[in-house]
Amino acid sequence: MPTATCRCGETIVDDRWEKLDEIIEKHRAKQGALIPILHEAQELFGCLSEDVQLKVAHALGISPAEVYGVATFYSFFTLKPRGKHKIAVCLGTACYVRGASELVRALKEELGVEVNGTTKDGRFTLEVVRCLGACGLAPVMMIGDNVYGRVKPEKIPEILKEYQ
Amino acid sequence: MEFYRSHVLVCGGTPCVLEGCKAVRDALISEVRRAGLAGEVKVVETGCLGPCDMGPIVVVYPEGITYARVGVKDVPVIVEEHLLKGRAVDRLVLGTGAKEKGVVSYERPPYFELQQRIVLRNCGMIDPDSIDEYIARDGYRALAKCLTEMTPGEVIDAVKESGLLGRGGAAFPTGVKWSFTARATANQKYVVCNADEGEPGTFKDRLILEGDPHSIIEGMAIAGYAVGADKGFIYIRGEYVLSIERLERAIQKAREYGLLGEDILGSGFDFDIEVRKGAGAYVCGEETALIESMEGDRGEPRLKPPYPGTCGLWGKPTVVNNVETLANVPPIILNGPKWFRGFGTERCPGTKVFTLTGDVNNKGLIEVPMGITLRQVIYEIGGGIPGGRAFKIAQTGGTSGGCLPKELLDVPMDYFSLPEAGSALGSGALLIVDDSHCIVDIARCFMKFFKHESCGKCVPCREGTDRLYEIVDKVAQGNGRLEDLDLALELSRVMQVASLCGLGQAAPLSLMTILQYFGDEFREHIVGKTCPAGTCGF
Ligand SMILES: Cc1cc2nc3c(=O)[nH]c(=O)nc-3n(C[C@H](O)[C@H](O)[C@H](O)COP(=O)(O)O)c2cc1C
Ligand code: FES
């Protein structure tokens, strides 16, 4: 069983792998099971590491290349761990004309990262995404599952404070 | 059902949720209780009412008075003044034109006046989580009529005669599409509802699903009966959390009521629905890419033919319809094709739901008859351009659509007139841009989108979207060359004819129309090295 190493250097058994088995069992009978499994696996592990992909491939009897192909095709999936909170700024046209690029600029400055970068303390990952379907409130950004509408760049420090 | 003197509807669509409608609803409930009105006044959380930019929206019936931008602090006043004393709270009322003169009339503002609601018939009117309220407004009657009085062939004929065109963008006649699948012989057929809604600037399907999930379930069941399918899937964007929750609950309720499952209404017809979440790829809205994705693969489109109607999901005949298309079906069955043809135009009967965004006063969801002009939508419903700026362009059909200048504001909005003007109606996204924006910068934003979303399967699209972005980016940086513009047009034409799917075929449209109508602004960037709007820094 794969193990994880925690900060103090001690090796611990990771019970998430058993949970992954359960997820695969739950879905495997249905057709098109791969994407629902990857959805839940990412929720469990935070990202789809090589180990996770291999495990899913073996369990479903498909090639790892196929799993990798799917995992890299969809923007929802990530192979690298993201920060604790994912900030997604909409760069859809409606948001763009209402000043979304100012927002990205302000976030980059505030966080000291580029787009797709994670802050050193691992708190935030900054991403830009396509239209979130909330264009009436442009410009829009999401932090985790929370959506913020009509965001003003100067409000950003205040908003980020809520996410420690 | 119990009866109440007044109903207070609080919009619970995503935009209003973001604006804090939940707190307003809770405050209303507790304030109503405190005032001792709990037995007389019912507070209902509904789906989207439309004017998303002015949320949270509260509507009080039977008067039909709409309050905009209601905050928790306004709630005691509304309860005290309106619900207790029967006087509307003027300062919060939405769109009362006569207010300045000291006389407040509560006519429906023009925002609602020009709208005709077929698809959104229940949105904002009922509690989306209550199947009883849907049924009370004729819900599932169309399904019952199909199962008890009509043959599948008659259902298809009715949809054909209504002239309903698919609302997902391609405008294919729905009845004809159904007849292909009905004719195909197979041991299994499917109905798929396309709720992937990725076109930038479009959020109609989200708000229909949030506001009236049962109408989609009913539409799908009717489609299933018509073509002989017993299984349906709803492929929905993973980000649409609230839509997914409400759909799951609605499906569960429909099963409990025997409106989904085996032997529906004792007719011997079986039908059930499963929700599948997308994983974030614009191209998966294309029907064959969607099917690939549902099968668990990379969402790359297939070569057509064969069309999904005869060879779709797992090789079986599959009807793929957009959310809005399906929402039109129950009223068509119930009221007949002739009634439906009474709306809109001869070639495009019915209504269209648009999402109005960008530099316009009233942003949000509207439903208008086909053939209404762009000018009416922008100025009468949208309330014009804010901040005293001038109109510059309207992009119809989302990022895949074209950009129209002010000379074309009188073009009728339907599936035939807009293409004649060089644009498209598409999914119904309508982006308004004022004269403070640089056209090159806007074009670059469009091209960046396609560069990112091209799935990479076919060369014209994969390479073309990259190169078009490069050319526009160069112009924005001050390094553009005039001959590049001709190159861009030539490349655009190649992409239109040679791309595998609609993504690549539609990708150059916005740039082509921009070069046609705003070519001078591009040339000013290239020759004069100036950006008239002062956006491009050089
Ligand atoms: C790139 C691309 C994206 C699309 N996205 C959507 C979408 O998000 N929703 C949708 O209903 N149709 C979308 N379509 C159109 C579908 O391929 C298909 O025509 C439609 O779902 C059929 O339903 P209808 O006949 O009810 O319109 C898209 C097409 C293309 C080429
Ligand atoms: S463009 Fe940003 S939410 Fe639609």
Side-chain angles (χ1 to χ4, degrees), chain A residues 27-28 30-40 42-43 48 56 60 62 65-78 88 90-101 127-142 144-151, chain B residues 14-15 17-19 51-53 55 197-207 237-241 274 276-282 284 293-300 313-314 355-359 363-365 395 398-399 429 431-434 437 441-442 445-446 448-449 452-453 455:
Chain A
H27 289 289
R28 69 178 318 142
K30 62 172 152 187
Q31 286 172 299
L34 180 57
I35 291 176
I37 290 175
L38 293 183
H39 262 294
E40 289 190 35
Q42 177 162 304
E43 214 165 278
L48 300 172
V56 173
L60 292 180
I62 55 180
E66 207 176 322
V67 176
Y68 178 78
V70 169
T72 49
F73 184 83
Y74 297 98
S75 62
F76 185 83
F77 299 130
T78 169
C90 173
L91 276 190
T93 17
C95 287
Y96 189 77
V97 301
R98 304 302 295 172
S101 35
E127 289 182 9
V128 298
V129 295
R130 68 201 170 108
C131 175
L132 290 164
C135 326
L137 300 172
V140 177
M141 71 172 186
M142 280 179 90
D145 277 340
N146 300 332
V147 186
Y148 295 81
R150 281 199 220 102
V151 189
Chain B
T14 296
V17 170
L18 302 184
E19 299 279 13
C52 307
D53 194 37
E197 195 164 60
E199 191 61 58
T202 315
F203 46 100
K204 65 180 178 78
D205 295 345
R206 169 184 216 156
L207 297 178
R237 268 188 86 165
E239 290 96 335
Y240 284 10
V241 183
E274 191 183 312
R276 288 280 175 104
K277 279 199 287 185
Y282 167 67
C284 285
S293 176
M294 285 199 40
E295 293 179 0
D297 295 320
R298 291 164 67 90
E300 289 174 3
L313 198 54
W314 297 297
T355 46
L356 197 53
T357 61
D359 300 320
K363 293 186 259 289
L365 192 66
Q395 188 182 41
T399 303
L431 174 78
I432 313 301
V433 179
D434 72 22
H437 296 278
D441 188 50
I442 301 275
C445 175
F446 296 153
K448 193 165 178 182
F449 171 76
H452 184 256
E453 293 298 338
C455 78

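Remember, predicted model here, so these are calculated numbers, not experimental data. Chain letters run A, B, ... following the sequence lines, proteins first and then strands; every chain starts at 1.
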*Based on non-hydrogen pairs under 4.5 Å, which of E239(B), R237(B), E199(B) is most in contact with chain A?*
R237(B)
*If every non-hydrogen atom of D359(B) is compared with every non-hydrogen atom of V97(A), which pair is closest and at what distance?*
OD1-O, 4.4 Å
_Give me the atom names and distance for the closest heavy-atom approach of K277(B) to I35(A)._
O-CG2, 4.3 Å
*Highest number of heavy-atom pairs under 4.5 Å with chain A: which of A429(B), G398(B), S293(B), G364(B)?*
S293(B)
*Looking at R130(A), H39(A), R98(A), which has the largest count of heavy-atom pairs under 4.5 Å with chain B?*
R130(A)
_Is there a side-chain contact between P200(B) and Y96(A) in this structure, where contact means two heavy atoms from C-beta onward sitting under 4.5 Å apart?_
no
*If you look at every heavy atom in T93(A) and C445(B), which pair is closest and at what distance?*
CG2-SG, 3.8 Å
*asked:* Restricting to non-hydrogen atoms, name the atom on Y74(A) and the atom on D297(B) that form the minimum distance, rounded to 0.1 Å.
replied: OH-O, 2.8 Å
*With chain B, which of E66(A), M142(A), K30(A) has the greatest number of heavy-atom pairs at distances under 4.5 Å?*
K30(A)
_chain A interface, residue from E295(B), E197(B), Q395(B), R276(B) that has the most non-hydrogen pairs under 4.5 Å_ = R276(B)
*Which heavy-atom pair separates G201(B) from C135(A) by the least distance, and what is that distance?*
CA-SG, 3.4 Å
*Taking every heavy-atom pair that is under 4.5 Å apart, which of L34(A), V129(A), V70(A) has the most such pairs with chain B?*
V70(A)
*Among the options G198(B), A281(B), G278(B), pick out the one with the most heavy-atom pairs lying under 4.5 Å from chain A.*
A281(B)
_If you count heavy-atom pairs within less than 4.5 Å of chain A, which of K363(B), H452(B), K448(B) leads?_
K363(B)
*Greatest number of heavy atom pairs closer than 4.5 Å to chain A - which of Y240(B), F203(B), Y282(B), W314(B)*: W314(B)
*Can you measure from OG (S101(A)) to CG (D441(B)) and round to the nearest 0.5 angstrom?*
7.0 Å
*Please state whether the side chain, the backbone, both or neither of T202(B) comes within less than 4.5 Å of a heavy atom of chain A.*
backbone
*asked:* Quick check on R206(B) against chain A: is it the side chain, the backbone, both or neither that has a heavy atom closer than 4.5 Å?
replied: side chain
*Non-hydrogen atoms of chain A under 4.5 Å away: do they reach the side chain of E300(B), the backbone, both or neither?*
both
*Could you pull out the closest heavy-atom pair between T72(A) and R298(B), with the gap in Å?*
OG1-NH1, 3.9 Å
